[in-house]
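Counting starts at 1 for both ligands and their atoms, following the listed order.
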Amino acid sequence: TIPLKYGAHRTGNRNDAEMERWRDYGLGQFIHWGVYAIPGGHWEGKSYNGAAEWIRSWGGNGAPANWKETYDNLYKQFNPTDFDAKKWAKQAKAMGAKYLIFTTKHHDGFCLWPSKYTEYTIKNTPYKKDIVKQVVDAYNAEGIDVYLYFSIIDWNHPGYRSAAPKTEKDSLAYEDFKQFTKNQLLELLERYPTTKGFWFDGTWDQAWIKQAGFTDALEKELRKIHPGLIIGSRFRADENGKRHFDSNNKLMGDYEQGWERKLPASYDVVAGRDWDCVMTIPPNQWGYNSDWKSSYVKTASDLSQMLMQAVSMNGNLVINFGPDGKGNIRPEEGNIAQQLGQWVSQSGEAIYGTRYAGLPKPDYGYYTKKGQQLFLTVFNQPVNKVLRLAIPRDYADEPKQVTVAGKKLEVKRIDMGMDRDKNLYYDVILPNDFNPKQPYVITIDMEKAN
Ligand SMILES: C#C[C@@H]1N[C@@H](C)[C@@H](O)[C@H]1O
């Protein structure tokens, strides 16, 4: 192995109670909210062709005249009079989200809390009040844990640099920026002590990647101040600039934080590691975009399939919502939250607190497991209505009883007589009158194989 001073702090998974709690979540909600919700991807009849929360970086001849100056003054009209954190939290609870990742500060540098380290905050808007506190309190009151999204990129701070500083002047400015970043993170932990972790973003700049010593010390300091704090692999690079996995291919942070708008194709890609997948409902809009008509919008059905794909491989799925400039969660998102919640409320035993089952993925859907209960969430019911379970001979357990929605199903071992077959087969017979319209969970009580 390569000797490293600033590589991964641990080999293998983190296994304390806080991390087990994180592992049990299954489903989370991401919320991206800020000044970018005012333009919502459009301005003066023009459409920004990127993600709405990046609209400040709109450049070239397509951008409105004096765009950045216009954008940097929008906070003066940020007055979300419809904002109701309790309403958001109740909706998230009904969806079945167990945790929230909330944007405290995105790349534009606008702070949704009254930070004392910059004037570019909610305090200097017509709204004035602390948004982060209202969200943390409302979600915690619903029993939902809160993680704070924090962008290292900060286009508003004079000391921010993307490229590694070359001049003395740039280096001094960047030192200010590093101290400012540390001050804000300590401030967030002090102001919102119930937060369970940071979800860092915007850490791909060379300037930040070259700060291995500083970021290594900062991660240690944050964890020391806030025992149990959960930080993903996106926060820092090792001294060779390696991110997510250090130069010895060891995971940085507590879980793999690289699955943004994508899912691992199979278990061996994530191979027992902890990971989250953060997912937009439109193709690529995190902040509010007023136009949801010109692109595909994922359905509750799409999202329930992604959810089971994630949890079946030890991941959490975090679905993003982008409230508008007045603080409303748009009706389309509300409908999806309600439909998904309706399905999750019936399938929760296969989602919450479960893990990878250690079985090949079945054609019918997804296996998850909790103790000696194996769950098969069926998305693709076979036309012959026989669910044939292929259980490797060396699997520790074998099926004892199978139920669906509490109703017992006939299950019988069958001998396919295939030469040197590594599997045992069990047929679960679905009754003729069993014609569900939604994916459903088959519960397979297992017992030690003799
Ligand atoms: C690129 C990028 C950022 N990462 C996602 C989580 C959003 O915050 C997007 O703006």
Side-chain angles (χ1 to χ4, degrees), residues 25 27-42 47-59 68 71 74 97 99-113 131-132 135 146-157 160 162 181 184-185 188 197-209 230-237 243-244 252-253 255-263 275-292 295 298 303 306 310 315-325 329 333:
Y25 290 143
L27 176 62
Q29 179 188 43
F30 217 139
I31 291 184
H32 276 71
W33 198 35
V35 165
Y36 42 76
I38 295 173
H42 301 73
S47 299
Y48 172 56
N49 66 359
E53 70 284 355
W54 275 73
I55 195 168
R56 184 183 183 279
S57 63
W58 197 356
K68 287 196 175 37
Y71 183 92
L74 289 179
Y99 69 124
L100 167 71
I101 302 173
F102 185 70
T103 46
T104 58
K105 178 179 90 170
H106 204 260
H107 309 332
D108 60 6
F110 178 70
C111 301
L112 273 75
W113 83 99
I131 298 267
V132 175
V135 167
V146 176
Y147 291 68
L148 302 179
Y149 168 106
F150 184 91
S151 169
I152 298 297
I153 288 176
D154 183 327
W155 294 323
N156 183 266
H157 191 276
Y160 165 71
S162 176
T181 300
Q184 285 204 316
L185 293 173
L188 286 165
F198 282 116
W199 204 91
F200 287 105
D201 199 8
T203 56
W204 46 79
D205 289 325
Q206 275 309 306
W208 185 257
I209 287 171
I230 293 177
I231 295 173
S233 62
R234 198 179 286 198
F235 178 52
R236 65 187 178 91
R243 301 178 66 225
H244 293 288
M252 305 283 267
Y255 63 93
E256 194 182 338
Q257 204 187 339
W259 301 97
E260 182 173 317
R261 293 189 296 116
K262 56 192 177 194
L263 281 154
W275 56 279
D276 71 355
C277 164
V278 290
M279 188 58 73
T280 51
I281 295 177
N284 182 16
Q285 294 294 328
W286 298 86
Y288 174 75
N289 191 311
S290 54
D291 171 16
W292 263 26
S295 63
K298 294 177 191 72
L303 295 164
M306 289 179 167
N316 289 333
L317 181 73
V318 189
I319 301 170
N320 183 74
F321 288 64
D324 68 19
I329 286 190
E333 288 178 347

Exercise for the section: Please identify which atoms of ligand 1 are closer than 4.0 Å to at least one heavy atom of Tyr149. Expected result: 8 (O)
Exercise for the section: State, with a plain yes or no, whether a side-chain heavy atom of Asp276 is found less than 4.5 Å away from one of Phe30. Expected result: no
Practice task
Check whether any side-chain heavy atom of Leu317 sits under 4.5 Å from a side-chain heavy atom of Trp259, and report yes or no.
Solution key: no
Exercise for the section: Using distance alone, decide if ligand 1 has a nitrogen or oxygen within less than 3.5 Å of any nitrogen or oxygen in Trp54. Expected result: yes
Exercise for the section: List the steps, then state whether side-chain contact (heavy atoms from CB on, under 4.5 Å) holds for Trp292 with Ile281. Expected result: CA-CA 10 Å; Trp292 263 26; Ile281 295 177; 3.9 Å; yes
Problem - Contact (N/O only, under 3.5 Å) between Asp201 and ligand 1 - result: yes
Practice task
Establish, yes or no, whether a centroid distance under 6.0 Å links the rings of Tyr71 and Trp58.
Solution key: no
Practice task
Could you say whether the N/O atoms of His32 and ligand 1 ever approach to under 3.5 Å?
Solution key: yes
Exercise for the section: Return yes if a side-chain donor-acceptor contact under 3.5 Å exists between Asp205 and Tyr160, otherwise no. Expected result: yes
Handout entry: Heavy atom of the protein closest to atom 2 (C) of ligand 1 (residue, atom name, distance)
Key = Glu260 OE2, 3.6 Å
Handout entry: Under 3.5 Å: N/O of Trp286 near N/O of ligand 1
Key = no
Exercise for the section: Verify whether the ring centers belonging to His32 and Trp54 lie closer than 6.0 Å. Expected result: no
Practice task
Tell me which protein heavy atom sits closest to atom 9 (C) of ligand 1, plus the residue, atom name and distance to 0.1 Å.
Solution key: Glu53 OE2, 3.4 Å
